[in-house]
Amino acid sequence: MSAVQSRPFAKGGRNGVRVLKLKNFVPVAVPENTRQQSLDTLIAAVQAIHNSTPIDPSHTLEILYKEVEVTCVQGGAERLYGRLKTLCRDHLKGVAAELKQHTCKPQLEFIRDVDASWNTHCNQMGLIRSIFLYMDRSYALPTPNVAPLWDMGLVLLREEVIGRREILSPLQTALLGAVQSDRVGERMDRSMLKRLLKMLDDLSLYAEHFEAGFLSQSSLFFEAEAKTKIDELDVAEYLQYVEVRLQEEAERAEQCLQIGSRKPLIAEIEKYLIGNHVTEILRKGLCPMLEEDRLDDLVRLFNLFKRVAALDSLMQGLVTYATERGKTIVLDESRDKFMIDDLLVLKKKLDTVVSGPFRAAPEFVDSIRTTFQDIVNCRHNRPAEMMAKFFDSKLRTGYKECSEDELEDMFDRVMVLFRFLNGKDVFVAFYKQLLARRLLLQKTASDDAERSILSKLKQECGAVFTAKLEGMFKDVNLSVDLTATFRLTARRKCASTIDMSVNVLTASNWPTMTPTDVSLPPEIVELQTLFTEYYCSKHANRKLIWEPFLGHCLVHGNFEKGSKDLTMSIYQGLVLLAFNSADSYTCTDLQRLLRIEPADLGRVLQSLACGKVRVLTKTPKGRQVAATDVFEVNNNFENKHKRVKINQIQMKETAAENSATQEKVFADRAFAVDAAIVRVMKARKTLPHNQLITALFEQLKFPVKPADLKKRIENLIEREYMARDPKDNSMYNYVA
């Protein structure tokens, strides 16, 4: 310690500069009686503070501070610190005795008494510390193993008051009871609870003597409450209850508990309210939520399951729901007609759920994609066929049922399902058949819609996939120009009044059609001959095969009540023209005259005599056509329109025709199967039959029967790509 001792400035040093000299401070000795008097003054002040009585007015806080400073400067800091500690300990012993008497009070009153004692202690120690601040800074803080005054007060409070078992135990019970009362709806003074729990934390009693018991109590409470609520409430209500509970506990933890307790408390609540009931919640609630599109409940479900890391269980529940609903749709043969519509509804529902409530989580998106791939391919070839027929129905109606944007959106959603198909070649086989009917019968409602589908298929599968479909459109367009130039030639060479249009189709682009040998009128035969000569003169080395089955015509009919222009199929026109030669025919007579297949003739006669537009009469009356039924022209036929369209009765696709289409698909797949067999054998050199079949199933992306694979293997053996092992017929060897 040093002090400044000054003297009047005097000349000295260089150039007469004034010099200020510093000398060591020599403390002035203080008499012993003066020291004792200062100590007594400070003791009296501390006792007054402890007793909550006024300090002697002659001893202001500034004077008391100076007394402490002087005492410390004179070397009395250690003695003063020890004396102050003894005074505080003695006082706190009295506080402990008083609180011990209050333990028999109701818990809430006891808590208030402890809170009051804690507040008093803090205020008293704050005032004492302000008086003894010089000692605290100059002695307690720099001296090892000597606690600063505030910490000393906390240690003494723990040792003499709060830490004593007879006080701490009832305090712990009272605090747990207070928090539990607040939890069940009895509003408590949370600020008081916050102060007391902060006191326990400051005294290093919080973790052992409150937090552990509190978490255990919370676990038991919420475990019991969850069991009751899960039985009383439906799942949606239970999730709302859990959400409210979590919010309440978070607020309570924020307002009462120490920050370290919040995370383990919420974890315990999540465990008992959600984690232990994941399976039951999904079993009872997920399906109704999805069926009824309860998106708010699904958002809540996702958020709560995310908190307990149960999203995998939720994802599995979603996959189970999608699989059950999807396979029910695909495997229900009675609803094949609505298969694609139902799949679109299911896909849209699941997409809405995944992109909305489930936040487009990548694992959910991937699982739905994989699930739909399994759904669409769970039934052999049928989904691909129904998808082609779905496109057909929409392309026939076009924009009559929906706007252009809605139709495009629908096509895009169907293309998503198409992307999942393994048997895309099955789809294109059926699509080609249906497209041929639309083009040749002029049933296409919109050329733009047709082109849009082709563009989407080309983008999805490549130009090779759609080459033949585009060739079909090209044939129809070229036929329009070809027919126009032929008419000029026909007028010069033929006096026929029949206006004939011809579609020239490239056989490789179009579905295979069964040749028919019907009896056509001479006028039409003459025009056919002229067209054949004309076409062959333009295109050498080409052969025309006439196929009237999908043709249509306009027939002018004269009835007693007026003439009409009748739009109908070629077969219908041939039947009507036959009545120019006779008044009535039996079904057998017409079949013999026209050489139309009996099944086709029956449907034609039904459309003319039993449909909405009846230009023929049938005897006897009825919907079914028998060989002996007699048909006559309906002279009383009338219709308000000049031009009348007579629709055909569409023949339902037979199992044989469906099977034939699929067999043709397999024939097209033969090259892919052959390549896969050779690829496997080239890599393995020698392979048993069963292992080869297994390897082929893994490589081929489309469904195939083992018997069909065996046929291709035999074919490759005949072509010497592979050979049977001479010692074991079930083994194959690759032939290089």
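These figures come from a predicted structure and were not determined experimentally.
With Phe418 as the aromatic partner, Lys424 meets the cation-pi criteria of under 6.0 angstrom to the ring centre and within 45 degrees of the ring axis. Under the 6.0 Å distance and 45° angle rule, Arg438 counts as a cation-pi partner of Tyr431.
With sequence neighbours excluded, the residues that form a side-chain contact (heavy atoms from CB on, under 4.5 Å) with Ala676 are Arg679, Leu696, Gln699, Leu700.
Under the 3.5 Å distance criterion, with hydrogens and angles disregarded, a donor-acceptor pair is assigned to the side chains of Glu547 and Thr516.
Using a 4.0 Å cut-off between charged side-chain N and carboxylate O, Asp332 and Arg379 make no salt bridge. Electrostatic pairing of Arg369 and Asp366 counts as a salt bridge here, judged by a charged N lying under 4.0 Å from a carboxylate O. A salt bridge is absent between Arg300 and Asp296; no separation between the charged side-chain nitrogens and carboxylate oxygens falls under 4.0 Å. By the 4.0 Å N-to-carboxylate-O rule, Glu470 lies close enough to Lys458 to be salt-bridged with it.
Remark: side-chain polar atoms of Lys705 are not paired, donor with acceptor, to backbone N or O of Ala707 under 3.5 angstrom. A donor-acceptor contact shorter than 3.5 Å links the side chain of Ser569 to the backbone of Gln572.
Proximity of Asp475 to Val504: side-chain heavy atoms (C-beta onward) are nowhere separated by under 4.5 Å.
Here the closest heavy-atom approach between residue Ile646 and residue Ser607 is recorded as CG2-O, 3.9 Å.
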**OP:** Mind running side-chain hydrogen bond (donor to acceptor under 3.5 Å, both in side chains) on Asn634 and Thr617 for me, showing each step along the way?
**Re:** CA-CA 6 Å; Asn634 181 13; Thr617 60; over 6 Å; no

**OP:** Could you check Thr444 against Glu450 for side-chain hydrogen bond (donor to acceptor under 3.5 Å, both in side chains), going step by step and ending with a plain yes or no?
**Re:** CA-CA 8 Å; Thr444 297; Glu450 292 279 3; 3.2 Å; yes

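Exactly one residue among Lys389, Met386, Glu385 makes a side chain to side chain contact (heavy atoms under 4.5 Å, CB included) with Met339. That residue is Met386.
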